[in-house]
Amino acid sequence: MKIGFTNWLNSSPAFLKKVPAPYRCMLILGLLLSACGQQLTSRSSNNSAAAQANEKYSAYLFTYFTGNNKSEEAIRFALSNDGYNYQALNHNKPVISSAKISSTGGVRDPHILRGADGKTFYMVVTDMVSANGWNSNRAMVLLKSTDLLNWTSSVVNIQKQFPGQDNLLRVWAPQTIYDPQAKKYMIYFSMKHGNDPDKIYYAYANKDFTALETTPKQLFFSPTNGACIDGDIVLKDGKYHLFFKTEGEGAGIKMAVSDKLTEGYILQDKYLQQTKDPVEGSGVFKLNNGEGYILMYDVYTKGKYQFTKSQDLQNFSVIDQEVSMNFHPRHGTVLPITAQEAEALVSQWGTTDDVMQSARAKELKKINIALDTVGKKLSLPVKAGTNINSFNPEFTTFPGITITPQSAQNFTAGPVTYTVTIKGKAPQTYTAVAREAHNPVLEGYYADPDVLYAEKTGKFYIYPTSDGFTGWSGTYFKTFSSNNLVDWQDEGIILDLPKDVSWAKRNAWAPCITEKKINGQYKYFYYFTAAQKIGVAVADNPTGPFVDSGKPLIDKFPEGIKNGQQIDPDVFTDPKTGKSYLYWGNGYMAGAELNNDMVSLKPGTTKILTPDATFREGATVFYRNGTYYIMWSEDDTRSENYRVRYGTADSPLGKIKIPANNLVIAKNPEAGIYATGHNAVLQIPGKDEWYLVYHRFNYPKGISMGGAAGYNREVCIDKLEFNPDGSIKQVKPTHEGIKAIRLK
């Protein structure tokens with residue numbers, strides 16, 4: 001402003017001379033004030049424009065697929081208000097039919113982009129059904145929309161369209177970026193030819209975004225000659241940052257940077273993922289509030305996404321504790337959107353039922369929220385100690401959604417009525433009840449529990465299978481501790497097969513544990529299933545760290561057995577003799593005495609103990625009043641009729657006698673509880689007080705999940721009681737669970 005006004009004075013002396021002296025100062029002062037006002041107005045306008053730019057995008061659209069089954073290989077949408085907490089649209093079902101847009105019937109790896117005009121959207125996906133093999137696809141699908149709701153699509157088959165692609169094996173994970181120099185949309189993707197590693201290529205789309213108009217050229221390959229897939233380009237500070245997954249010497253996400261979009265990428269040779277677990281499908285998006293960037297990636301062996309945050313795209317910190325989703329995504333991308341766009345998506349694919357199931361209060365057991373969609377009744381299970389006299393479920397709302405009431409309510413006075421309205425649709429009324437539920441006892445999906453009271457710490461511990469992985473494909477074990485059997489603390493991973501076990505890397509199942517005092521020191525012997533073999537690891541504390549023995553303890557069928565699996569160990573120490581025994585088997589039940597070292601079996605003691613035709617797996621043994629009780633699971637863990645039976649014996653390896661009524665626990669359809677099995681038994685120290693620790697299908701979704709219910713299970717505890725003659729009373733599974741106990 002000063003320079004401009006001085007220049008004006010210098011260039012206008014004749015004008016000023018014509019102004020009478022008394023008014024000359026007033027004129028100059030007025031001109032100064034005017035100039036200042038214009039400058040302030042200009043600054044205010046610029047600040048307002050900057051504020052509007054920051055506020056333009058107020059929500060986020062997450063587009064993803066969910067798994068390797070053909071029904072899961074389809075485009076799905078989810079919304080978020082903050083970039084951290086996401087809710088699936090359309091009940092987590094596809095929003096676009098894969099059969100209609102693809103050549104294979106399935107699509108994966110969706111990437112969505114807002115066009116340079118700000119109002120056109122471009123999406124590209126891998127045209128692939130994984131069941132046909134990882135080298136089965138040669139095509140991608142290009143999609144275009146002006147409203148995020150209606151999409152046109154075209155299949156681009158690289159092998160058919162371009163010559164010289166005879167040895168092309170696969171085309172993976174396409175993405176789109178606008179090239180301001182070419183003024184065209186560039187699509188980049190990985191391809192594998194013959195024995196060469198995957199490399200990232202690029203080509204330009206035609207004007208209508210229906211085909212590629214240029215021959216694919218190589219954009220980047222890994223200098224280590226490892227695979228280079230899942231590219232994601234982010235423009236920051238005039239530089240293009242190419243994130244990609246590489247394999248070979250190590251595996252994970254790296255970044256290469258260039259001043260130009262189509263060439264000159266220099267590798268920054270460090271891994272960016274903040275986990276030692278395998279990852280893929282990285283995606284980067286900028287937060288609407290200007291607080292930096294999110295780098296997310298698929299931790300596919302753990303069945304979850306990890307979110308990390310960065311200001312500079314160089315240093316990333318994990319923010320998993322701030323992130324939530326009511327779905328399990330695979331390789332997807334996030335797009336910042338406006339409130340108006342979010343409202344349109346909600347109007348198209350949102351439902352009032354989704355709103356009622358979106359409660360996110362920290363006191364809730366979120367995976368157990370149950371909605372009767374016909375009766376419009378919502379059940380809100382809350383954790384122990386929650387004050388439901390004044391409780392706010394904290395329902396998630398998006399633009400176009402209103403819900404009343406929004407404040408805390410008194411749920412002790414009876415059901416609370418809520419009214420939900422989605423713009424353009426009729427209001428819906430629901431009634432909600434909130435009550436304390438102690439089952440499941442662990443937050444999340446877990447199964448096959450063993451339970452221990454540790455004399456060393458005076459605490460209880462549960463050792464489960466980590467569940468929620470398609471096909472029981474989990475690879476790690478956790479433990480949880482409690483002082484009262486109601487409040488449980490996650491003690492973290494105690495054994496991770498890829499890191500801690502040399503002889504097996506997959507199928508971490510059904511562990512058990514025992515505490516021994518050896519030479520005055522407590523030792524913990526942890527028996528576990530890995531790759532359908534049984535191993536043993538040892539620790540000085542119930543929470544580990546556990547050290548594997550270095551080889552499987554059991555990896556062959558017992559003599560005389562030809563079918564089944566070497567899984568589901570159970571360890572039992574006879575209080576009469578102090579000897580310890582191991583039991584195992586699927587399809588058969590075997591038992592053997594353990595040597596004093598607890599990591600080997602005593603030769604010649606293995607016996608086949610299969611009680612009857614109901615035996616499937618999951619044997620567990622305990623002792624009470626002179627009787628040895630043996631429990632086992634009947635049927636398949638994927639069946640709603642999975643249940644527990646028992647027999648008795650006179651010695652740890654004695655013949656098992658079957659009572660007439662030997663059912664221990666079975667489904668409770670009236671309560672929506674199914675597949676109650678694979679249990680452990682806990683005695684309260686010094687008391688004739690007993691508890692059954694078992695797993696069930698997830699409530700309420702399990703019964704509608706088909707076979708997938710068998711690996712989406714949860715751990716529960718109910719009271720175990722006996723008749724005067726020592727027979728077991730059948731346990732009725734409950735949501736209420738047990739009351740907290742207090743040990744002296």
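Hydrogens, waters and symmetry mates play no part in the numbers below; they use all other heavy atoms, side chains included. FYI, the numbering just counts along the sequence from 1. None of the values given here were measured: they were computed from a predicted structure.
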The residue among Ile518, Leu594, Ile513, Asp597 that forms side chain to side chain contact (heavy atoms under 4.5 Å, CB included) with Phe525 is Ile518
Under 6.0 Å between the ring centres of Tyr64 and Phe327?
yes
Can you tell me if Lys456 has over 12 outside heavy atoms packed within less than 6.0 Å of its NZ?
yes
Find out whether the Lys NZ or Arg CZ of Lys516 is both under 6.0 angstrom from the six-membered ring centre of Tyr524 and within 45° of the ring's axis.
no
Centres of the His331 and Phe65 rings: under 6.0 Å?
no
Check: Tyr446 ring centroid to Phe480 ring centroid under 6.0 Å
yes
Phe622 and Trp690 aromatic centres sub-6.0 Å
yes
Donor-acceptor check, side chain of Thr246 to backbone of Ala227, threshold 3.5 angstrom: yes or no?
yes
Under 3.5 Å, which donor-acceptor pairs link side chains of residues 461-469 to any protein atom two or more places apart or in another chain?
| unit_1 | atom_1 | unit_2 | atom_2 | d |
| --- | --- | --- | --- | --- |
| Tyr461 | OH | Thr457 | OG1 | 2.9 |
| Tyr463 | OH | Pro542 | O | 2.7 |
| Thr465 | OG1 | Asp448 | OD2 | 2.7 |
| Thr465 | OG1 | Ala510 | N | 2.6 |
| Ser466 | OG | Tyr476 | O | 3.1 |
| Asp467 | OD1 | Arg713 | NH2 | 3.0 |
| Asp467 | OD2 | Asn712 | N | 3.3 |
| Asp467 | OD2 | Arg713 | N | 2.9 |
| Asp467 | OD2 | Arg713 | NE | 2.8 |

Would His695 and Tyr642 count as a close aromatic pair, with their ring centres under 6.0 Å?
yes
Does the separation of the ring centres of Phe722 and Tyr629 fall below 6.0 angstrom?
yes
Asp198 and Ser190 side chains, donor-acceptor separation under 3.5 Å:
no
Asp635/Arg643 ion pair, N-O < 4.0 Å
no
Would you please say whether a donor-acceptor pair under 3.5 Å links the side chains of Ser482 and Asp487?
no
Could you verify whether a donor N or O on one side chain and an acceptor N or O on the other, from Tyr297 and Gln306, lie under 3.5 Å apart?
yes
